Amino acid sequence: MRSELMEARLAKLARLRELGINPYPYGFHRTHTVDRLLEGFDARMEQEAVAVCGRLMALRPMGKATFAQLQDPGGRIQLYLKKDEIGEAAYEVLSLLDLGDLIGVHGVPMRTRTGEATVRATRLEVLCKSIRPLPVVKEKDGQVFDAWEDTGERYRRRHLDLILHPQTRRVFEVRAHTVRALRAFLDDRGFLEVETPILVAIYGGASARPFVTHHNTLDQKLYLRIAEELPLKRCLVGGIERVYELGRVFRNEGMDRGHNPEFTLLEFYWAWADYREAMDLVEEMVRAVALAAVGTLELEWRGERIDLALPFPRLSMADLVREHTGIDPLHDDEERLRAFLRGHHVAIPAWASRGHLLEAIFDEAVQAKLLQPTFVIDHPREVSPLAKVHRDQPDLLVERFELFIGGVEFGNAFSELNDPVDQRRRFEDQARRRDLGDDEAQAQDEEFLQAIETGMPPAAGVGLGVDRLVMLLSGASGIRDVLLFPHLRPEDGASPESVELEEEGASPESVAPEEEGARPESVEPGKD
RNA sequence: GCGCCGCUAGCUCAAUUGGCAGAGCAACUGACUCUUAAUCAGUAGGUUGAUGGUUCGAUUCCAUCGCGGCGCACCA
């Protein structure tokens, strides 16, 4: 049982207190992080007094001297603690340390006989006694022993993953740099960042099923937003001509290596521009962000080499389908399109129109093949209720593009529809579709329609999947690798009365109320 | 949601045709003042994911469930 290991640590903790040592002190004055200390290490040898602190990752006691490995965000360094030098009392403290403890050491840089950079300690301080053991991973000459690589556990106990795997930390540094670069790119071009509601009474701006929640005081059904689109367009109406939001949206759909229930979406709206200019900007932005975040345009992702330096071709969805299948999706008999999909075992709902069929064939036969960055343009009207009709083929198509890289969609954009009469008609069409069984059809948002009726400037609008961009730039193949705490199934599925609550406050009452009727009316009235 | 694979000590993994559940590391005790996967000697550590079934006997065979991974479907 694990508690036996913990008992040993708790006993040492008690002993430390007996010795008059506070195992949880208030801080430590560090002179160098490990990476800084290693820069110009030899010049400092036997000269400077240094102070380092971090997590104890290895202990090699040899009687009256002990070697240890200390890890901080800058890396690991060896410590040499001699009884002669730190004193009898400190050496007893040392014997009460475990792997995983946080310690601080004052000392002098030295090299061992084998040349390893080392801090010879003159003083030892306990900074935090760890009472829960962490997985022990050993390494020699780049070879790792007893690697801790249970993927699920790494997501579930991400703090351990971060301690044990520097490359995990790097992914989140890439993520931070990516987000910062996106903001910088847009800020530099006069875009204003805004924040709009996540809790909404009407969800819209995308085709997806929402999460449902409830406001107690108002006794109102609320949704978590599935897109940022509609409020940002109201900003356009209000005269914020360049506006963006970079935030979390929520879609109540399947989870796999490309999908998490909540994900980070960048949307920006650009007045007086159309989707072609938006493509120019997105292409430039992707390159700028890649250079800022990882310093290169040549990437490897899911086993494919991706070259962001290549011009992003702009190919119409219909042309791509024709090229890959021989079907002319705009002119061939609809039955031929249906037959193709049946042949590929794609379920086709009865209400599907030519546009839906075109999109379905594209998804089936083309999408996965678009490895290098490609703009797919000019989508069917029926699947794009917020896009402006195509200036050349207004009856069938809209002005829209999706950016594909590595066979995966990264972005979605239109020349935004600003004809209020048409917009209202399209919402009504969506409502009809909903009646026919399309549960992703968009609900009518009256506030949004009224804003559009006031007059929204012609504009391009772009949505970009930030998690996927981070995946591409960090080389991660799954979205869970770029989320610190991805959504997972609850750990203690089976016995409800199991006394196994242990860590991560798996409180039994925190179940998502799937049914409406299950709302507890009597919860803590007026806690505010 | 469907299919395939997996789940054994804190970690990484063994266990012949169904026959007393093991090793290394970590832990504990002892030795060791330049080690580095430290070494040496000893000790302890398990409801084999859960429940049920077949059997004299189940880690092993069967069923159901849980969790995870991969693939498919839906989406971004």
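From a predicted model like this one, the values you see are computed outputs, not experimental measurements.
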Any strand: nucleotide that pairs with B:rG24 via Watson-Crick or wobble, under 3.5 Å: B:rC11
Rounded distance in Å between the P positions of B:rA9 and B:rG46: 11 Å
Span that lies between the P atom of B:rG45 and that of B:rC32, in whole angstrom: 28 Å
Lys/Arg cation over aromatic A:Phe185: A:Arg287, 6.0 Å, 45° cone: no
Paired nucleotide for B:rU39 [Watson-Crick or G-U wobble; both distances under 3.5 Å]: B:rA31
A:Glu409, nearest nucleotide to its side chain (from B:rC34, B:rA76, B:rU33): B:rA76
B:rA76 base stacked by A:Phe263 (centroids within less than 5.5 Å, tilt under 30°): yes
Watson-Crick or G-U wobble partner of B:rC61, both distances under 3.5 Å: B:rG53
OP1 or OP2 of B:rA27 under 4.0 Å from side-chain N/O of A:Arg9: no
Phosphate OP1/OP2 of B:rG68 contacted by A:Arg156 side-chain N/O (<4.0 Å): yes
Check: A:Arg354 and A:Leu337 side chains under 4.5 Å, non-hydrogen atoms: yes
Euclidean distance, A:Leu320 CG relative to A:Asp378 CG, rounded to 0.5 Å: 10.5 Å
N/O (side chain, A:Arg60) to phosphate O (OP1/OP2, B:rA38) under 4.0 Å: yes
Under 3.5 Å on both distances, the Watson-Crick or G-U partner of B:rC67: B:rG6
P gap between B:rC4 and B:rC65, integer Å: 13 Å
Phosphate-side-chain proximity, A:Arg480 and B:rG69, N/O vs OP1/OP2 below 4.0 Å: yes
Counterpart base for B:rU17, defined by Watson-Crick or G-U wobble contacts under 3.5 Å: none
OP1 or OP2 of B:rA38 under 4.0 Å from side-chain N/O of A:Lys138: yes
Nucleotide nearest A:Lys140 (side chain, heavy atoms from C-beta), chosen from B:rC34, B:rA37, B:rU33: B:rA37
Interatomic distance at P, B:rA26 relative to B:rA38, whole Å: 7 Å
Whole-Å C1' distance, B:rA15 and B:rA58: 13 Å
Interatomic distance, A:Leu79 atom CG to A:Leu81 atom CG [nearest 0.5 angstrom]: 5.5 Å
B:rG69 and B:rG42, which share atom name P, separated by this distance in whole Å: 42 Å
A:Val137 side chain reached by A:Phe145 side chain, heavy atoms, under 4.5 Å: no
Base-pairing assignment for B:rC72 (Watson-Crick or G-U wobble, both under 3.5 Å): B:rG1
Atom P, compared across B:rU64 and B:rA23: separation rounded to whole Å: 36 Å
Under 3.5 Å on both distances, the Watson-Crick or G-U partner of B:rG45: none
Integer angstrom distance from the P of B:rC2 to that of B:rA73: 16 Å
Spacing of A:Leu79 atom CG relative to B:rU33 atom C1', expressed in whole Å: 16 Å
